Amino acid sequence: MSEPTLFHLEDGYQAWLGYRQIAPGERYDQYAFYTQITVTEQDGIMGTAVTELAQGIACMLGRQPEISEHSEGVPCITIGTFGNNPMVDQAFGMDIRAAIGHEGYGLKTDQENGCIAIGATSAVGILYGVFHLLRLFSTGSPVDRLDVVENPVNQLRMINQWDNIDGSVERGYAGKSIFYADNRITTNLPRIQDYARLLASSGINAIAINNVNVHQFETKLITGEYLPDVVKLADIFRAYGIKLFLSVNYASPLEIGELSTADPLDPAVRAWWCGKAAEIYAAIPDFGGFLVKADSENRPGPFTYDRDHADGANMLAEALKPYGGIVIWRCFVYNCKQDWRDRTTDRARAAYDHFEPLDGRFMDNVILQIKNGPIDFQVREPVSPLIGAMEQTNQMIEFQITQEYTGQQRHLCYLVPQWKEALNFETYNKGVGSSIKRIVDGSLHGNPYSGFAAVSNIGNDANWTGHLLAQANLYGYGRLAWNPELTSEAIAEEWIRMTFGENQQLVKVIRGMLMDSLGIYESYTAPLGVGFMVNPDHHYGPNVDGYEYSKWGTYHFADCHGIGVDRTKASGTGYTGQYKGDNFARYESLDSCPDDLLLFFHHVSYTHVLHSGKTVIQHIYDSHFAGVEQAAQLQAAWSSLEGSIDSHLYEQVANRLTEQAEHAEEWRDRVNTYFYRKSGIADQQGRRIY
């Protein structure tokens, strides 16, 4: 395996794996105690683990550890799968071993012989254990009394690349693709390896390497023209315990298979997909499977043949089943050619209406991938009622790390708190205790497949994510997928310490900035859950009526009397009826609907009084003025760190925060002016509105 590409810390390229050298002192003395790594297995993923551990220790301690099969009587870090390393077996009793699953691991300090043992049932568990230990070293945590057992909560922890083979990235805000250029797969494999390192270090175990919107050339990724290069990528990710998936074009039998149909019930079509699966698995024996977007936003699908999603998904699942492969079928399906004058059609209803009646009809190697909200990754929307509504169907949640509607990595917006809120949401699908996190980890319904997926935020920018601080979202997603009980603050602090070091003031300031950022962004953009006040197509910047007369079905219905969408069962689209238990009552009633989702569920007058005591129009004014002030405070907070952080890294963030502060003013002025002119109601504080 090639060595990771070497870049400088000041580029931001090494992200949280920069492994800054530890200054002399108590922690250095404790870590420097471990001068030797003992290991008896060094093939495949185990070799990756040994390499990562040795490189990390060498960077942090300034000395290269010795690697051997035996301890030689000196303090060591000993790693191995159970039954293959006597020191590891000695450290972990049978009861502990029984508690460690396939991807789990244990860390144990043996104070008698001065060694740290990392044990697991599999090599990938060892790799995750190694990254855990390196995380402890790089965050300055004590290691003299380790007694840790960790298992991932979620089975599938996946990244979706929306990369196109021409090198562009759909909804990408950090440069071009690292996977493709000029309709070819990259030959820059060291950078792919460095990406695999980042993903594995945070717990990711699956990746789909191409856009769900599969176009002409991407359709050929499953052919002999491109498959040999796909194999090279799979080899790299395999060494880090990451399974490779491909997004496929549902119409492939027509476009590259010389068939006259893609009907999922046609025997020739089914045979074609079976043959294609055999070809792929012959090249990549551990291939993960297919990710599919069908019958959505002009993509082909089974609707063409009067079939349903179960018919389409099961055809592909049948082809993959003999090899252990899975089909991930996206539920982002809606009529994208709506009439804005028709208030009975509601895009928010679409996923539930399409899929809930199909419960129990999908094969057991199909997973439905459902966006966290019913619309499209807005800064504020309710949790999708489809998640958990299908008890006999595998489901996973889809988040968006890339900041399509949350500032496009030109604005700071730490998304982990938003994801935590969705995961903790109580669905009442099986009574109290039916949270989203229990649905997507498979424990509530006992589904065999489950987990997380998210749209990646990386590109070929030197720092991976464009905005340096957006790295926290990539890291945070992996850590949250591993363990949804981790707090947003703890994840943020881990990332800060690993990325910037141990300066306590620096940690405090950046942690505060991250934790405040989502609320700040929401305050100067779309109020009270209304969403979509953005420029069409590219979705950056304010345009209150940008989608108001659009076929895409994202409306706010503002007029001189009021604003909001009536989604109630009593008088609106009936969307509230898709929720169970107390959620239906809470959203249906104007009296109990939360303020931050009011305009998503109800059409109200500008003088409607919120639970906060403010009118809707005054809330709009106040929040947008406050958001601008808070965006400026982000600038000031970062400025306080000048001189205590590498100048190159400092300038990267300073420039982005300057743009954010200026852009927040534009949001404030456009939104406030729009609603002042619509309502004719003045700001109670007499501030300048144009």
Side-chain angles (χ1 to χ4, degrees), residues 155-156 158 160 206 208 212 214 219 221-222 243 245-257 259-281 287-296 299-334 350-371 386-398 439-440 442 445-451 453:
Q155 178 185 11
L156 198 62
M158 189 176 195
N160 291 175
V212 293
V214 185
T219 300
L221 288 176
I222 57 175
K243 279 196 173 186
F245 288 69
L246 289 172
S247 298
V248 294
N249 183 347
Y250 186 85
S252 292
L254 279 167
E255 297 190 15
I256 60 174
L259 298 183
S260 60
T261 180
D263 183 348
L265 300 188
D266 187 290
V269 174
R270 300 173 84 92
W272 186 88
W273 279 110
C274 287
K276 186 55 62 180
E279 181 183 344
I280 295 170
Y281 279 95
F287 179 67
F290 297 145
L291 174 62
V292 187
K293 177 180 179 180
D295 287 314
S296 179
R299 300 306 303 155
F303 286 179
T304 302
Y305 307 97
D306 294 322
R307 314 302 187 194
D308 59 33
H309 292 285
D311 295 326
N314 289 343
M315 172 192 65
L316 297 173
E318 178 183 74
L320 298 177
K321 182 81 168 176
Y323 312 97
I326 60 177
V327 173
I328 301 174
W329 192 271
R330 295 182 84 238
C331 294
F332 187 53
V333 177
Y334 65 97
Y352 189 101
D353 287 345
H354 278 299
F355 286 93
E356 192 276 338
L358 301 177
D359 190 23
R361 290 210 32 231
F362 292 92
M363 288 180 62
D364 64 2
N365 61 325
V366 174
I367 309 178
L368 299 186
Q369 182 170 303
I370 306 169
K371 289 187 177 183
L386 181 60
I387 303 174
M390 303 173 69
E391 294 188 17
Q392 302 176 69
T393 304
N394 300 317
Q395 298 185 340
M396 62 193 298
I397 195 167
E398 179 182 356
I439 293 165
V440 300
H445 300 312
N447 301 126
Y449 291 103
S450 56

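These numbers come from a predicted model, not from an experiment. Scope of the values below: all heavy atoms of this structure, side chains included, with no hydrogens, waters or symmetry mates. Sequential numbering from 1 along the given sequence is applied to the chain's residues.
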Exam field: side chain [X] to backbone [Y], donor-acceptor pair closer than 3.5 Å:
X    : Y    : answer
N249 : A251 : yes
R270 : P264 : yes
N447 : G442 : no
K276 : I222 : yes
S296 : F332 : yes
N365 : G325 : yes
D359 : E391 : yes
Q395 : L386 : yes

To the nearest 0.5 angstrom, please state how far the [atom1] atom of [X] sits from the [atom2] atom of [Y].
X    : Y    : atom1 : atom2 : answer
L291 : L246 : CG    : CG    : 9.5 Å
N394 : Y449 : CG    : OH    : 8.0 Å
M390 : L358 : CE    : CG    : 6.0 Å
L221 : I256 : CG    : CD1   : 9.0 Å
I367 : M158 : CD1   : CE    : 8.5 Å
C274 : M315 : SG    : CE    : 9.5 Å

With the side chain counted from C-beta on, respond yes when [X] and [Y] share a heavy-atom pair under 4.5 Å apart, and no when they do not.
X    : Y    : value
W329 : L316 : yes
F245 : I326 : yes
D311 : R361 : yes
V248 : V214 : no
F362 : Q392 : no
K321 : D364 : yes

Please work out which of the three classes, parallel, tilted or perpendicular, describes the rings of F290 and F287, given edges at 30° and 60°.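 If you compare the ring of F287 with that of F290, the planes turn out perpendicular.
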
Ring-plane angle category for Y323 and Y281, please: parallel below 30°, perpendicular beyond 60°, tilted otherwise.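 Rings of Y323 and Y281: parallel, under 30°.
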
With sequence neighbours left out, what residues match D353 under side-chain hydrogen bond (donor to acceptor under 3.5 Å, both in side chains)?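 side-chain hydrogen bond (donor to acceptor under 3.5 Å, both in side chains) list for D353, sorted by chain: R349, Q578.
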
CA sep, side-chain torsions, deciding dist, call: Y250, R299, side-chain contact (heavy atoms from CB on, under 4.5 Å): CA-CA 8 Å; Y250 186 85; R299 300 306 303 155; over 6 Å; no

Would you say N160 and Q369 are linked by a side-chain donor-acceptor pair, where the criterion is simply a distance under 3.5 Å?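 Present: a donor and an acceptor within the cut-off.
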
Show the nearest heavy-atom pair for residues Y352 and A389, with the distance to one decimal.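 What the structure gives for the nearest pair is CE1-CB, 3.7 Å.
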
